[in-house]
Amino acid sequence: MVSQVQSFFEHFLKENFIFQNKKFLQANYLPDLVMHRDDFMREMASILAPALKGDRPSNLFIYGKTGTGKTLITRRVTDDMERIAKENNIPLRVIYVNCKLRRVADTEYRLIAQLAREFGRVLPATGLPTDSVYSIFYELLDSKEQLVLLVLDEIDQLAKRAGDNLLYNLTRINTELKHAQLCLIGISNDLVFVDQLDARVKSSLSEEELLFPPYNAVQIHAILQERANKSFKENALQPGVLEKCAAYAAGEHGDARRALELLRVAGEIAERKSCQYVEIKHIDEAQEKIDRDRLYDLTLNQPRQYQALMYALLTLGLKQQSIVTGELYGVYEQTCHRLKLRPLTQRRISDVIGEFEMLGIAQTRVVSKGRYGRSRNIVLAVPRVSLPKMKELLVSSLGLNELEQV
DNA sequence: AGGTATTCACATGAAACTATTCTCTGAGTTAGG
DNA sequence: TAACTCAGAGAATAGTTTCATGTGAATACCTGT
């Protein structure tokens, strides 16, 4: 007898009308040619070109919102340069670091240690003074004649956490190097980031600047079309699907990455349902699924204390429209008591509420209620339909189930 | 009525503390010559 | 005497707590009409 699972798989293999090759829709795919960005590519290439002759190019600062192709273009250009350099025996080295990665390159010490690691030197995560990590890095960098292009992606995150001291050191590093030369390429999502920098850092970091504008709906549509042709089977998309996808993404400040993800997830939904086509309604479902998954993921990956607070927040949120800090703290304390957890101070909780806002779980507004003090009004920013499920997840994750619900 | 002083209930900021992980250094110990 | 062990001093970092100060407007309290 054929098991149900087996027949499911057979069915699955036979009945795939949708995908041809999904990889073109995945986030790490690096196309040879980035659409609607030719002029940026040319400009960046011409700024960086001196590197191939052994001259140090101007430092470059790139900014633009998420999903506008900054990282993609930079990777494309620097990859090509590295290849050409290799073919012609030019001592050029490209180092790409994403500064947002927690516990990798988000502080001064860690960034420098990470760079040293790129040169093949293993450094411990802690224990050494920062100065000595610096001098190790200098030594490695200056050990031979070479030109290093250092790409710092999400550099705003780094500056926020580590202070601009670090950037200052990096921009001046060339004056101390005898053999090697360093060229900085900073990439930032934050459009006002440069203005907040120390003037000296600002001027030397952004000797050249590139601003990537968001894509408009027409451009996103073209991008989707191009990738869809490669990844979907012929006629797998119903008319209007791409348009709808593009419209969604254009609404979200022209984020091409988001659009591609949306299309991919919609395809996966259609595939799972064994549909012949990706239909427009699948886009809506995909949008919902993406949001939902993100939310549940967020819920489950919080530390216990945060989950306790979130539980309190949901409990109150189900009962009333808006919540004030004091109320929430009270319920949170009760929750902690039930969990035999030592409650954090109100000060700390205040910050955690701020983090929840950052994560898009809640919206807050500081209001003064006159004689009755000043407090934060907290409103849940989560679709109401997700609340019970979220609460359920929390209950099981916290081990609250056998206890009486408040 | 109109003006101003209080007061509440937190927000917000800065500094200090705690705990963990890890290196480096130098004193004491051990084993072999 | 060289090699080894091990405790203690220092670092980096995350997550807090402690202490200090700030704040917007509803109310309480005056004041002169």
Side-chain angles (χ1 to χ4, degrees), chain A residues 97-140 154 156-170 196 298 300-313 316-317 320-337 339-359 361-381 397-398:
Chain A
V97 183
N98 188 334
C99 307
K100 199 174 67 176
L101 292 179
R102 299 280 279 170
R103 296 169 198 282
V104 176
D106 58 344
T107 68
E108 184 167 18
Y109 180 97
R110 292 214 261 250
L111 175 72
I112 304 297
Q114 176 64 28
L115 296 180
R117 223 164 280 145
E118 293 281 342
F119 283 103
R121 177 71 165 270
V122 185
L123 288 174
T126 162
L128 296 179
T130 307
D131 311 10
S132 51
V133 181
Y134 258 112
S135 41
I136 290 172
F137 171 61
Y138 280 134
E139 232 168 80
L140 287 168
E154 319 241 8
D156 45 331
Q157 300 289 323
L158 180 66
K160 206 182 291 166
R161 289 179 50 88
D164 28 352
N165 200 20
L166 164 64
L167 293 181
Y168 181 64
N169 287 340
L170 281 177
Q196 296 157 7
L298 220 60
L300 287 176
N301 289 321
Q302 300 295 329
R304 247 175 117 66
Q305 290 283 5
Y306 286 44
Q307 288 187 337
L309 180 64
M310 201 183 288
Y311 179 80
L313 182 63
L316 279 172
Q320 58 204 63
Q321 264 299 311
S322 93
I323 307 158
V324 294
T325 307
E327 258 177 314
L328 177 57
Y329 189 72
V331 178
Y332 159 76
E333 274 184 312
Q334 286 170 33
T335 312
C336 282
H337 184 69
L339 290 166
K340 302 214 164 35
L341 217 57
R342 196 168 60 85
L344 301 177
T345 49
Q346 187 153 311
R347 177 67 188 85
R348 178 65 186 134
I349 290 303
S350 188
D351 282 348
V352 178
I353 294 172
E355 288 181 46
F356 281 180
E357 178 163 28
M358 284 299 195
L359 292 173
I361 297 170
Q363 274 188 6
T364 73
R365 199 158 48 89
V366 178
V367 288
S368 181
K369 294 194 292 293
R371 195 68 221 279
Y372 305 102
R374 222 165 95 90
S375 182
R376 238 189 319 204
N377 252 338
I378 307 162
V379 180
L380 280 175
S397 168
L398 286 167

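Naming convention: chains lettered A, B, ... in sequence-line order (proteins, then strands); numbering from 1 in each chain.
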* Hey, is CZ on A:Arg365 packed in by over 12 heavy atoms from elsewhere, all under 6.0 Å? ->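 Counting neighbours around CZ of A:Arg365, 12 or fewer heavy atoms of other residues, nucleotides or ligands fall under 6.0 Å, so no.
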* **A:Arg304 versus A:Ser397, closest heavy-atom pair with distance** =>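 Reported closest heavy-atom pair: NH1-O, 4.2 Å.
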* Between atom CG of A:Leu158 and atom NZ of A:Lys100, what is the distance when rounded to the nearest 0.5 Å? ->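 It comes to 13.5 Å.
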* Please round to the nearest 0.5 Å and tell me the distance separating atom CD1 of A:Ile349 and atom SG of A:Cys336. =>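 Reported value, rounded in 0.5 Å steps: 7.0 Å.
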Protein-nucleotide distance ([X], atom [atom1]; [N], atom [atom2]), rounded to Å:
X	N	atom1	atom2	result
A:Lys369	B:dC10	NZ	C1'	8 Å
A:Arg371	C:dA28	CZ	C1'	7 Å
A:Arg374	B:dC10	CZ	P	12 Å

* To do: Using five pairs at either end of the helix from B:dA1-C:dT31 to B:dA31-C:dT1, determine the angle between the two local helix axes and round it to 10 degrees.
  =>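 What I find for the helix from B:dA1-C:dT31 to B:dA31-C:dT1 is an axis angle of 30°.
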* If only atom types and distance count, is the side chain of A:Gln302 paired as donor or acceptor with the main-chain N or O of A:Leu298 below 3.5 Å? ->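 Present.
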* Less than 4.5 Å apart, any side-chain heavy atom of A:Phe356 and any of A:Thr364? ->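 With C-beta onward as the side chain, the pair stays apart.
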* To do: Would you please say whether a donor-acceptor pair under 3.5 Å links the side chains of A:Thr130 and A:Glu108?
  =>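 There is no such pair between these side chains.
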* To do: Could you list all the side chain to side chain donor-acceptor pair (under 3.5 Å) pairs where at least one residue sits in residues 342-355 of chain A, not counting sequence neighbours?
  =>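 Sorted pair list: A:Tyr306-A:Arg348, A:Tyr306-A:Glu355, A:Arg347-A:Asp351, A:Ser350-A:Arg376.
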* Protein-to-nucleotide contact annotation, 5' to 3' order, nucleotides 9-17 of chain C [B base; S sugar-phosphate only; - none; under 4.0 Å, heavy atom] -> -BBBSS-SB
* Using only side-chain N and O atoms of A:Arg376, determine if any of them is under 4.0 Å from OP1 or OP2 of B:dT12. =>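 Yes, such a contact exists.
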